[in-house]
Amino acid sequence: DQQVKQNSPSLSVQEGRISILNCDYTNSMFDYFLWYKKYPAEGPTFLISISSIKDKNEDGRFTVFLNKSAKHLSLHIVPSQPGDSAVYFCAASMNYGGSQGNLIFGKGTKLSVKP
Amino acid sequence: DSGVTQTPKHLITATGQRVTLRCSPRSGDLSVYWYQQSLDQGLQFLIQYYNGEERAKGNILERFSAQQFPDLHSELNLSSLELGDSALYFCASTAGGLRGDTQYFGPGTRLTVL
């Protein structure tokens, strides 16, 4: 039973265009969401996060949007660059009183940015 | 380089065997998390330690155990290995182990059970 779903295993985008990666969740108790990026032979690297009290968070070329009513979040990368080619994981956590930080991850979306 | 180290990078063993994976957190981080990534799966949370004590448990099998030592490094022990245990095992560390702390991941240990 997957609580965090990334339904697109892969996405191909042209350099300079927008990349949109999507993520759906089923557990309404999730209130903190993150995106991680992973290159081959490396561990995941934190990219950006959003709390459920917000609907948008921006950091440079990366913006995460949260639609709580739809239980959906998306990561926008504008403009996309070849170096953005990686696997992107969506992750979520719920408030256990703040003392537990474990994350629930989606299966990932492989982004390929073509020059 | 996240500052989290994991050894070994690769491990090949046979069914029924026991292995130990090691993780050294970033300097100053008190909390360590272990995750398993099987083929075509997202990272599955296994267990969290904070300053030597178990803080949270996920879908960790009874055949698996972990501990965090006084120097804060952690070991994940996998016993009676089965083919399905073949996976990438990641550890991550955070300063306080609190929700919202950024988790810094090591490069992972790839375990192959033959």
Side-chain angles (χ1 to χ4, degrees), chain A residues 1-10 21-27 29-54 57 59 86-110, chain B residues 1-7 9-10 21 23-26 29-51 53-60 66 87-110:
Chain A
D1 178 25
Q2 263 203 295
Q3 299 186 72
V4 178
K5 300 177 186 178
Q6 294 177 258
N7 292 319
S8 298
S10 63
L21 296 99
N22 293 303
C23 177
D24 297 296
Y25 61 96
T26 57
N27 192 333
M29 298 295 289
F30 289 147
D31 60 357
Y32 187 63
F33 304 89
L34 309 89
W35 286 92
Y36 277 78
K37 179 168 76 171
K38 185 183 179 304
Y39 293 118
E42 295 183 12
T45 303
F46 170 75
L47 198 54
I48 193 168
S49 63
I50 188 166
S51 164
S52 61
I53 62 173
K54 294 186 172 183
N57 189 25
D59 184 2
V87 177
Y88 288 78
F89 290 98
C90 171
S93 75
M94 62 181 81
N95 190 355
Y96 297 106
S99 64
Q100 296 176 14
N102 55 285
L103 301 173
I104 294 94
F105 283 86
K107 291 187 180 182
T109 296
K110 184 175 182 179
Chain B
D1 184 357
S2 67
V4 178
T5 60
Q6 289 187 248
T7 56
K9 282 198 162 158
H10 302 278
L21 313 183
C23 169
S24 293
R26 292 188 319 153
D29 282 359
L30 298 178
S31 194
V32 169
Y33 302 76
W34 285 97
Y35 292 88
Q36 178 194 55
Q37 185 184 16
S38 303
L39 191 65
D40 294 332
Q41 296 292 319
L43 288 82
Q44 303 284 323
F45 169 68
L46 295 178
I47 197 162
Q48 177 197 2
Y49 278 83
Y50 174 78
N51 204 19
E53 298 205 355
E54 182 185 305
R55 177 168 275 184
K57 221 168 184 175
N59 297 325
I60 187 166
L88 267 169
Y89 291 85
F90 290 100
C91 90
S93 74
T94 67
L98 300 177
R99 201 175 75 100
D101 286 352
T102 297
Q103 295 191 20
Y104 294 89
F105 282 80
T109 292
R110 181 174 292 281

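All figures in this text were calculated on a predicted structure; none of them were measured in a lab. Convention: sequence-line order gives letters A, B, ...; per-chain numbering from 1.
- Partners of B:D29 by salt bridge (charged side-chain N to carboxylate O under 4.0 Å, His left out), not counting sequence neighbours, listed by chain and number: B:R26.
- Heavy-atom pairs under 4.5 Å with chain B peak, among A:P44, A:A91, A:G43, at A:P44.
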* To do: Applying ring-ring contact (aromatic ring centres under 6.0 Å, His included), run through A:Y36 and B:F105 and close with a yes or a no.
  => CA-CA 10 Å; A:Y36 277 78; B:F105 282 80; 5.4 Å; yes
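- In terms of heavy-atom pairs under 4.5 angstrom with chain B, the leader among A:G106, A:C90, A:P9, A:G108 is A:G106.
- Take A:N27 and apply the side chain to side chain donor-acceptor pair (under 3.5 Å) test, not counting sequence neighbours, and it matches A:Q3.
- Closest approach of B:F90 and A:E42 over heavy atoms only: CE2-O, 4.0 Å.
- Listed by chain and number, the residues in a side chain to side chain contact (heavy atoms under 4.5 Å, CB included) with B:S38 are B:Q36, B:Q41, B:A87 (sequence neighbours excluded).
- The part of A:F89 that comes within reach of chain B is its side chain, from C-beta onward, which places non-hydrogen atoms under 4.5 angstrom from that chain.
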* Asked: Passes side chain to side chain contact (heavy atoms under 4.5 Å, CB included), A:K38 versus B:Q37? Steps please.
  -> CA-CA 12 Å; A:K38 185 183 179 304; B:Q37 185 184 16; 4.2 Å; yes
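- Annotation: side chain of B:Y35 is in contact with side chain of A:L103 (closest heavy-atom distance under 4.5 Å).
- Aromatic rings from B:F45 and A:F105 are positioned such that their centres are separated by 6.0 Å or more.
- The stretch residues 46-54 of chain A places A:F46 near chain B, each with some heavy atom under 4.5 Å from a heavy atom of that chain.
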